[in-house]
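In what follows, a single structure is set out as structure tokens and then discussed.
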Amino acid sequence: MQMALESAREAYKAGDIPIGAVVVVGDSIVAQTCNEKEQQQDATAHAELIALRQAARNLQRWRLNDATLYCTLEPCAMCAGAMVNARLGRLVYGARDSKAGAAGSILDVVRFPGLNHHIQVVAGVLEGDCACLLNEFFKDLRRDGRAGRRRSTRNRVGG
């Protein structure tokens, strides 16, 4: 999770919502990235999706049943759905997302009984550090007067 936090700090410096993601298989990091929505001007450029793509490319396979994805914020429905489709083995996340969380807070896409794959979930790892970074970012946005363009993601952290 520390590596995911490092990636989240990189996103913060780049002006993006500070969310980091790392994919590990065994003892090896096969992907590490952060949110790039602002950089790419792409609503789907979430850290988790980019990490899943990198992991699949690096492993040369799309099935990630032996992989663990660490991310600093509980995934949204889009990312959770991608994790199910990638057959991810385990998800470990930091801060809960009380507005859009899809791994237990609002929805539970990753363990939905009607789907063909379920993901083991570990929640709240370094939750305080992850939430603090996100809260600091949004506080800075409000102070700098840039919060309007990100109104839909404001104050998402906590639960």
Side-chain angles (χ1 to χ4, degrees), residues 1-14 16-38 42-56 58-59 62-113 115 117-139 141 150 152-159:
M1 187 60 78
Q2 288 291 351
M3 301 294 286
L5 269 166
E6 285 180 30
S7 292
R9 289 182 190 104
E10 290 176 24
Y12 194 135
K13 289 176 191 171
D16 225 314
I17 297 171
I19 299 170
V22 175
V23 178
V24 175
V25 174
D27 292 333
S28 300
I29 294 174
V30 295
Q32 181 173 356
T33 191
C34 61
N35 259 14
E36 295 182 6
K37 286 171 57 173
E38 295 299 323
D42 180 353
T44 68
H46 290 203
E48 303 95 324
L49 286 183
I50 297 167
L52 289 172
R53 288 184 193 121
Q54 282 182 3
N58 290 337
L59 295 168
W62 63 269
R63 287 182 184 86
L64 302 176
N65 56 310
D66 58 342
T68 298
L69 189 146
Y70 295 86
C71 56
T72 55
L73 182 66
E74 179 181 2
C76 68
M78 174 181 67
C79 293
M83 290 174 195
V84 170
N85 282 312
R87 310 298 191 265
L88 185 70
R90 187 168 72 136
L91 165 66
V92 178
Y93 71 84
R96 298 177 200 287
D97 187 342
S98 63
K99 302 281 184 187
S105 290
I106 301 299
L107 303 169
D108 201 353
V109 172
V110 297
R111 294 175 288 206
F112 187 76
L115 296 176
H117 180 75
H118 303 120
I119 299 169
Q120 178 187 2
V121 177
V122 178
V125 175
L126 297 180
E127 183 171 15
D129 293 341
C130 295
C132 183
L133 184 62
L134 284 156
N135 287 328
E136 182 180 319
F137 176 80
F138 288 112
K139 182 176 147 187
L141 273 183
R150 292 198 180 113
S152 66
T153 57
R154 187 180 49 173
N155 297 325
R156 290 176 29 164
V157 180

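For clarity, every value in this text was computed on a predicted model and none was experimentally measured.
Under a 3.5 Å cut-off, the side chain of T72 and the backbone N or O of G20 do form a donor-acceptor pair. Checked by atom type and distance alone, the side chain of H118 pairs as donor or acceptor with a backbone atom of F112 at under 3.5 Å. Distance alone, capped at 3.5 Å, places no donor-acceptor pair between the E36 side chain and the A45 backbone. Between the side chain of R9 and the main chain of P18, no donor-acceptor pair closer than 3.5 Å is present. The main-chain N or O of G104 is found under 3.5 Å from a side-chain atom of E74 such that the two form a donor-acceptor pair. Remark: the backbone N or O of L88 is not paired with any side-chain donor or acceptor of R90 at under 3.5 angstrom. Under a 3.5 Å cut-off, the side chain of N35 and the backbone N or O of D16 do not form any donor-acceptor pair.
Residue T33 comes nearest to S7 through the heavy atom pair O-CB, 3.2 Å, listed as atom of the first residue, atom of the second, then distance. Residues A82 and L49 approach most closely at CB-CD2, 3.2 Å, considering heavy atoms. Taking each heavy atom of A4 and Y70 in turn, the nearest pair found is CB-O, 4.0 Å. The two residues A51 and A21 come nearest to each other via the heavy atoms CB-CB, 3.9 Å. Counting all heavy atoms, side chain and backbone alike, A80 lies closest to V109 at CB-CB, 3.8 Å. Closest approach of S98 to I106, counting heavy atoms only: O-CD1, 3.1 Å.
The only member of V92, V22, V23 that meets side-chain contact (heavy atoms from CB on, under 4.5 Å) when paired with T68 is V92.
Looking at heavy atoms from C-beta onward, C130 lies in side-chain contact with M1 at the 4.5 angstrom threshold. In this structure, H46 and I19 have side chains that are not in contact, with every pair of non-hydrogen atoms separated by 4.5 Å or more. Residues I17 and L134 form a side-chain contact, since some pair of their non-hydrogen atoms from C-beta on lies under 4.5 Å apart. Counting heavy atoms from C-beta outward, C71 and L91 have side chains that approach closer than 4.5 Å.
The structure places CD1 of I29 at 11.5 Å from CG of N58, a figure rounded to the nearest 0.5 Å. Rounding to the nearest 0.5 Å places CD of Q54 at 9.0 Å from CD of Q32.
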